[in-house]
Participant: 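The structure's right below; bear with me while I get my questions together.
In what follows, every chain begins at residue 1, and chains take the letters A, B, ... in the order their sequences are listed.
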Amino acid sequence: MTLKLTNTLTRRVEEFQPIEPGKVSIYCCGVTVYDLCHLGHARSYIAWDVLRRYLIWSGYAVTFVQNYTDIDDKILNRAAEEGSSMEAVSERNIDAFVADMARLNILPADRMPRATRSLDAIRALISELEAKGAAYSADGDVYFAVMKHAGYGKLSGRDLEQQQDNAAGRVASEEEARKLHPFDFALWKGTKPGEASFPSPWGAGRPGWHIECSAMVREELGDTIDIHLGGADLVFPHHENEIAQSEAATGKELAHYWLHNGMVNVGGQKMSKSLGNFTTIRALLDSGVSPMTLRLFTLQAHYRKPLDFTAEALEAAATGWKGLNAALGLAGETATASTELPPALAASRERFAATMDDDLNTSAALAVLFELAKPLRALANRIERGDDAARAEATTAELASQASLLQELAGVLGLQHEQDATAGGLSDAEIEAQIEARKAAKAAKDFPAADGIREALKAQGIELIDKPGGITEWLRS
RNA sequence: GGCGGCAUGGCCAAGUGGUAAGGCAGAGGAUUGCAAAUCCUUUACCCCCAGUUCGAAUCUGGGUGCCGCCUCCA
C-alpha cells in the first residue's frame with residue numbers, strides 16, 4: 001500500500017517516493033499578510049494539514065515549511081491607507097493567521113520563514129542568476145530571462161512562442177517595454193519614492209514575489225525537496241517562475257511532486273479578495289459555525305476539485321458533524337481499548353488507509369468514519385438521554401476498540417471532539433427554574449405557556465428533551 | 001484565442017470496465033400533549049450522441065454546459 005498523489009508537473013497520479021527513505025520535506029506557499037485569511041485559505045491549508053498528518057500517521061518524519069510573504073505591494077498599500085507601516089500590517093496579520101489556523105486545528109509549520117528575514121538568501125540567489133546569465137537588470141529592476149531557461153512552461157504547459165504572439169498587443173506599460181520577453185518577471189524591483197526599501201547591489205528596492213519563495217525553499221530545505229504545495233491559482237506564474245529561478249540557479253529539480261488544491265467558489269465563481277465575494281475564517285467561525293464543521297465541509301470534497309461554498313452545504317456539514325462529534329465524545333468515556341484490533345475494525349482501518357493512499361480521497365475516508373461512528377453515535381445519544389443500559393454497553397471491549405479507532409482515524413483528518421458550545425448566558429439553575437415553570441404549565445394543561453418557555457430557551461441555545469416519566473433534560477446546542 | 005479541469009439522485013459528493021460509498025434533506029415507523037432531539041427503515045441507471053466490449057457512469061470520438069489560469073491571488 002503506497003501513497004499516490006496527483007503531480008501537476010507530470011499531470012499524472014504517481015506513487016510517492018521520498019528522496020530519503022522515511023523522510024519527507026514539504027514546502028507550502030503561505031499567505032501574503034496584508035489581510036485576514038478567507039475560506040479559500042482555510043480549504044487549502046486544511047487539505048495540506050491532512051496530507052501532513054497522514055504522512056506522519058504513515059510513519060514518515062515530515063519537515064513542513066510554510067512562508068509568510070511580508071513584502072508586497074498590497075501590504076504597502078494597506079500600510080499607506082491606515083497610516084501605519086509595512087511591519088505593523090504584517091505583524092498584525094501574522095498573529096491573525098496563527099490564531100485562525102489554531103482554531104481550525106491546523107498543525108503549525110515546523111518553520112515559517114519570512115521574506116523580510118530572508119533578504120540575504122534572496123539577494124544571493126539573484127546574484128547567482130545574474131552571474132549565470134539568467135537575469136538582467138534594467139533601470140534599477142532585475143528581471144529573469146525566461147528565454148534563457150530551457151523548460152520554462154513545463155509546469156503550466158505554456159508555450160513561450162505562442163504566448164509572445166498573444167501578448168504582442170498588450171505590451172503597453174513601461175515595465176513591459178523593459179522586458180526582453182513578456183513572460184520575464186521581476187526578481188528585484190527598484191524602489192519608488194516613499195516606499196519601504198532594502199539595499200542591494202542593484203540599488204535600493206525590494207524582491208519580487210517569486211524569488212522570495214525560491215530563496216526560502218532553498219535556505220530551509222535545500223536544492224531539491226519532496227513536495228511543493230499551493231493553490232491551483234499559483235501554478236502560473238508563481239510556481240512556474242519558482243521552478244525557473246531555482247532550477248536555473250542549482251541545475252537540479254526543485255521539487256519532485258507539485259500538489260495543487262482546487263478553489264473555493266461562491267455562486268460558481270472563485271472566492272477572492274478582488275471579487276469581494278469572500279468570507280473570512282474568523283467571520284465564519286464567529287458566526288457560530290464550528291471549526292470542525294468547516295473542516296468536515298472542506299474534506300467532503302476531493303482537494304483538487306473546486307468546492308462551492310453555500311449556506312446549504314455548510315448546514316449539511318454541520319448536521320453531519322454533530323453525529324460524528326457525538327461518537328467522538330464517546331471515545332473519551334469508554335474502557336481502554338485492547339491493543340488487538342478485531343478483524344472487522346482492522347478492515348476498516350485498512351480501508352481508510354487505502355482511500356487516503358488514493359490521492360487523499362478524504363471523501364471516501366469520511367465514509368469509513370461515518371460507518372464506524374454510526375453505532376457509537378446511537379449509543380452516545382442514548383447515554384446522553386440517561387439510558388443506563390446504553391452506558392453498560394459502552395464499556396464492552398469491542399466498542400472501546402471501535403471508539404478508539406474512530407478517534408485515531410478522525411485525528412488523521414484533524415477532526416477532534418468539540419465540547420458543546422456554551423451558548424446563552426443562562427446559568428444551570430436558571431434553566432432548571434424555567435423547566436420547572438414549564439412542567440407546572442404542562443400539568444395545568446397550559447400548553448401555549450409551556451411551548452413559550454421552550455421556544456424562549458431555544459432562542460438562547462438551550463434545547464429541551466422531554467423524556468418518558470415527565471422528566472425533562474436540556475442541552476446547550 | 002492558448003493551457004488545464006469538471007459534468008453522478010432535491011443538495012454536497014465517492015466510484016475510472018462487471019449491474020451506483022457516505023453526508024444532508026425528504027418519506028414511513030418508534031417516542032411525544034404537540035414538538036424538538038434521538039433510534040430504526042427507505043429513496044438514482046450516472047449531461048447528450050455515436051462507437052469499442054459479453055458487459056461502461058467508468059474506455060474512444062464528437063457535441064453541449066460550467067470553472068480555473070494566461071495580471072495580484074490558497
Side-chain angles (χ1 to χ4, degrees), chain A residues 8 11 13 28-32 34-35 37-48 69 72-74 77 153 155-159 162-163 165-167 170 173 182-183 209 229-238 240 260-265 268-275 278 296-297 299-302 304-308 310 312-324 326 351 355 358 361-371 373-374 377-382 384-385 387 390 442 445 447-448 450-451 454-455 458 463-468 473-475 477:
Chain A
T8 306
R11 293 172 193 79
V13 180
C28 178
C29 272
V31 285
T32 300
Y34 75 103
D35 206 346
C37 287
H38 58 65
L39 300 180
H41 302 105
R43 197 268 173 105
S44 180
Y45 299 142
I46 287 170
W48 307 139
T69 295
D72 182 86
D73 282 342
K74 288 182 177 175
N77 292 343
L155 181 71
S156 59
R158 310 284 141 164
D159 178 358
Q162 207 161 34
Q163 289 294 326
D165 294 342
N166 286 344
R170 60 157 233 258
S173 72
F183 274 5
W209 175 39
L229 307 171
D233 52 355
L234 298 186
V235 174
F236 188 89
H238 186 55
E240 191 70 64
H260 294 97
N261 64 274
M263 301 293 100
V264 171
N265 290 165
Q269 272 197 315
K270 176 181 159 186
M271 177 178 286
S272 72
K273 286 277 162 64
S274 46
L275 285 170
F278 62 94
L296 182 64
F297 170 68
L299 295 177
Q300 274 180 314
H302 186 87
R304 287 180 58 83
K305 289 194 172 181
L307 176 64
D308 214 39
T310 64
E312 194 183 7
L314 197 66
E315 188 65 35
T319 313
W321 169 245
K322 205 170 162 188
L324 264 186
R351 208 147 54 83
T355 62
D358 181 19
N361 189 344
T362 52
S363 184
L366 280 169
V368 177
L369 294 198
F370 275 107
E371 279 161 24
K374 195 170 184 183
R377 174 179 60 180
L379 210 52
N381 283 319
R382 281 167 60 201
E384 189 74 56
R385 278 145 185 76
D387 185 335
K442 280 168 71 177
K445 302 277 184 205
F447 294 121
D451 290 348
R454 182 169 63 197
E455 289 306 312
K458 189 179 178 184
E463 180 189 310
L464 298 188
I465 300 120
D466 285 341
K467 298 203 321 171
E473 297 201 338
W474 59 273
L475 292 171
S477 57

Participant: For the side chain of N381(A), starting at C-beta, report the closest nucleotide among C39(B), C69(B), A74(B).
Facilitator: C39(B)
Participant: Could you work out the separation of C59(B) and C46(B) based on their P atoms and round it to a whole Å?
Facilitator: 15 Å
Participant: Can you check the distance between G22(B) and A14(B), where both ends of the measurement are the P atom (answer in whole Å)?
Facilitator: 15 Å
Participant: Taking A27(B) as the reference, what is the distance to A37(B) when you measure between their P atoms (whole Å, please)?
Facilitator: 13 Å
Participant: Base, sugar-phosphate or nothing for K270(A)? Non-hydrogen atoms, less than 4.0 Å.
Facilitator: base
Participant: Determine the contact category for D451(A): base if any of its heavy atoms lies under 4.0 Å from a base atom, sugar-phosphate if only primed atoms, P, OP1 or OP2 are that close, otherwise nothing.
Facilitator: base
Participant: Give none if A56(B) has no partner; otherwise give the nucleotide forming a Watson-Crick or G-U wobble pair with it, both distances under 3.5 Å.
Facilitator: none
Participant: Hey, which sits more toward the 5' end of RNA chain B by its nearest nucleotide, L234(A) or Q269(A)?
Facilitator: Q269(A)
Participant: Is the base of C34(B) touched by the side chain of R454(A) through a donor-acceptor pair closer than 3.5 angstrom?
Facilitator: yes
Participant: Could you tell me which nucleotide pairs with G1(B) by Watson-Crick or G-U wobble geometry, both distances under 3.5 Å, or answer none if nothing does?
Facilitator: C70(B)
Participant: Could you give the distance separating C11(B) and G26(B) at their C1' atoms, to the nearest angstrom?
Facilitator: 11 Å
Participant: I need the minimum non-hydrogen distance between N381(A) and A326(A), along with the two atoms involved.
Facilitator: OD1-CB, 4.3 Å
Participant: Stacking between Y45(A) and A74(B), defined as ring centres under 5.5 angstrom apart with planes under 30°, is that present or not?
Facilitator: no
Participant: Could you measure between the two P atoms, the one in A25(B) and the one in U16(B), and give it in whole Å?
Facilitator: 28 Å
Participant: With both distances under 3.5 Å as the test, what is the Watson-Crick or G-U wobble partner of G65(B)?
Facilitator: C6(B)
Participant: Students often get this wrong, so: under 4.0 angstrom with heavy atoms, is G40(A) touching a base, only sugar-phosphate, or nothing?
Facilitator: base
Participant: NE2 of H238(A) versus C1' of C69(B): gap in Å, rounded?
Facilitator: 15 Å
Participant: With rounding to whole Å, what would you report as the distance between U8(B) and G4(B) at their C1' atoms?
Facilitator: 22 Å
Participant: Is K305(A) close enough to C67(B) that one of its side-chain N or O atoms is under 4.0 Å from OP1 or OP2 there?
Facilitator: no
Participant: With under 30° as parallel and over 60° as perpendicular, where do the rings of H41(A) and Y45(A) fit, or are they tilted in between?
Facilitator: parallel
Participant: Does NZ or CZ of R158(A) come closer than 6.0 Å to the centre of the six-membered ring of F183(A), within 45° of the ring's axis?
Facilitator: no
Participant: Name the pairing partner of A21(B), where a pair is Watson-Crick or G-U wobble with both distances under 3.5 Å, or state none.
Facilitator: none
Participant: Name the pairing partner of U42(B), where a pair is Watson-Crick or G-U wobble with both distances under 3.5 Å, or state none.
Facilitator: G26(B)
Participant: Please report, rounded to the nearest Å, how far the P atom of C70(B) is from the CG atom of D159(A).
Facilitator: 17 Å
Participant: NA contact type, G153(A), heavy-atom cut-off 4.0 Å: base, sugar-phosphate, or nothing?
Facilitator: nothing
Participant: Quick check on RNA chain B: between N265(A) and S274(A), whose nearest nucleotide comes earlier from the 5' end?
Facilitator: N265(A)
Participant: Can you check nucleotides 18-29 of chain B for protein contacts, nitrogen or oxygen pairs under 3.5 Å, and list what you find?
Facilitator:
unit_1: A21(B); atom_1: N1; unit_2: S363(A); atom_2: OG; d: 3.4

Participant: Using the C1' atom in both, what is the distance from A44(B) to A21(B), to the nearest Å?
Facilitator: 13 Å
Participant: Taking only the P atom of each, what is the distance from U58(B) to C45(B) in whole angstrom?
Facilitator: 16 Å
Participant: Within this structure, what is the CG-to-P distance between L379(A) and C40(B), rounded to whole angstrom?
Facilitator: 11 Å
Participant: OP1 or OP2 of G15(B) versus the side-chain N and O atoms of N361(A): is any pair under 4.0 Å?
Facilitator: yes
Participant: Which nucleotide wins on minimum distance to the side chain of P237(A), given the candidates A37(B), A74(B), C72(B)?
Facilitator: C72(B)
